[in-house]
Amino acid sequence: MEGGPLLMIPGPIALSPEVLAASSAAPPSHTDPAFIEIFGRALRAMREVWRAPEGAVPLVVAGGGTLAMEVAVTNLVDPGQQALVIDTGVFSDRMAQILERRGAVVRRCRAPVGEAISPGALREALSRRAVHAVFLTQVDTSTGVRIDVPALAAIARGAGALVVVDGVCSVAAEVLDQDASGVDVVLTASQKAIGAPPGLALLVVSPRALAARRALLVPPPLSMDLASWIPIMEAYEAGRPSYFATPATGLVVALEVALRQLLQQGMPAIWARHARVASEVRAGLEILGMRRVPASSAVSAHTLSVMYPPEGTAGALVGAVAARGVAIAGGLHPQLRHDSVRVGHMGWVTTQPQLLQRTIRAVGEGLASLGHEADVDAACQAISG
Ligand code: PMP
């Protein structure tokens, strides 16, 4: 919001001026020919951003990341089927909870806080029992841990399992190639690195996942059913109106602008920029006396930094930074809630070094107000102009 705080939380994120302008237009009719064309373009753009496999279907449904998770679970897994969750934090735990509600038999392969799961650990877990589907969280927003999706997905596929990736805090920022990685569902939401307002669940579903839906004995709730939505998405991509439930037309218009801006930059350039910005922001925060939660750079997300601030400052730091016009987030993971903070750096802000410097300065001055002085100018210089 213009004039509001700078959003450096891990979503919703600050929008580009073009997406902001598109979000303030009047929502069109879902049967307006111009809207049909826009929706079709958004779906085609998702194929490119995700690097969708041949025959996959992109879906845009009003909701968010949690809804996208429930769509994936209820369309791929029947009650009683075996599921394995690679657990790197709160959002992997949420996936396990959704699977349990579905009646699946859920096993977790849980990493200590700040660590990822090694390929060897997954291989071991899969060797014990046949698994129908494996669930990965590319970046868990509660720990800032990033996992190696291609390596883990290859092992899961090798064991004959379906593979679902929660990419809510990674799609459009972390390296992703759904086709090359053999992932069946990659899901996200509109409010993070995609760079649109909150309100949309976004998924790309492989032919194998569609076959799993057809083989289900217990169908999903109607509003989450791929069978309800796929004909609608196919119609919009083919330039025809279609109705199952009213789409969030205004949000789809903003989404299409956001996706177009991603493709104009090119995904490799976006991935490289997020990696550079993440290391610069963390270098700045470390100069201010913070320590990172993830165990190493190899497992650190490029979309957010989960950091331990200097002793005794975590409780008041979010408020002290907010008083300087920048919104950062407090700890979320139960083991980190009281002694960590989370700083998002994804999407449009990664093209705006002065906003990144403003963030580092707000954190530095916030820490100083809590009695921890550091060289704020040196920290700001970690951000390359
Ligand atoms: N998964 C991850 C990794 C997330 O970061 C989030 C949101 N922070 C979700 C799922 C849930 O998304 P939503 O809040 O849009 O339901």
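One-based numbering, in listed order, for ligands and for the atoms of each.
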Per-atom contacts, ligand 1 versus Thr141 - under 4.0 Å to a heavy atom: 2 (C), 3 (C), 4 (C), 5 (O)

Thr66 side chain to Arg94 side chain, donor-acceptor N/O pair below 3.5 angstrom: yes

Under 3.5 Å side-chain donor-acceptor pair for Thr246 and His30: no

Protein residue, atom and distance nearest to atom 7 (C) of ligand 1, heavy-atom basis: Lys192 NZ, 3.4 Å

No-hydrogen, no-angle side-chain donor-acceptor test under 3.5 Å, Glu174 and His302: yes

Thr66: numbered ligand 1 atoms lying under 4.0 Å from its heavy atoms: 11 (C), 12 (O), 13 (P), 16 (O)

Modelled atom types, side-chain donor and acceptor of Thr137 and Asp166, under 3.5 Å: no

Aromatic ring pairing Tyr236/Phe35, orientation class (parallel under 30°, perpendicular over 60°, tilted between): perpendicular

Mutual orientation of the aromatic rings belonging to Trp229 and Phe244 [parallel < 30°, tilted 30-60°, perpendicular > 60°]: perpendicular

Heavy-atom nearest neighbour in the protein, as seen from atom 6 (C) of ligand 1, with distance rounded to 0.1 Å: Phe91 CE2, 3.3 Å

Heavy atom of the protein closest to atom 14 (O) of ligand 1 (residue, atom name, distance): Gln191 NE2, 4.0 Å

Those atoms of ligand 1 less than 4.0 Å from some heavy atom in Met69: 10 (C)

Closest candidate by heavy atom, reference atom 12 (O) of ligand 1, pool Gly64, Gly65, Ala301: Gly65

Arg273 and Thr350: side chain donor to acceptor below 3.5 Å: yes

For ligand 1, the portion of Asp140 having any non-hydrogen atom under 4.0 Å away: neither

For Asp166, atoms of ligand 1 separated by under 4.0 Å from a heavy atom: 1 (N), 2 (C), 3 (C), 10 (C)

Where ligand 1 meets Val139 - atom numbers and elements under 4.0 angstrom, heavy-atom basis: 3 (C)

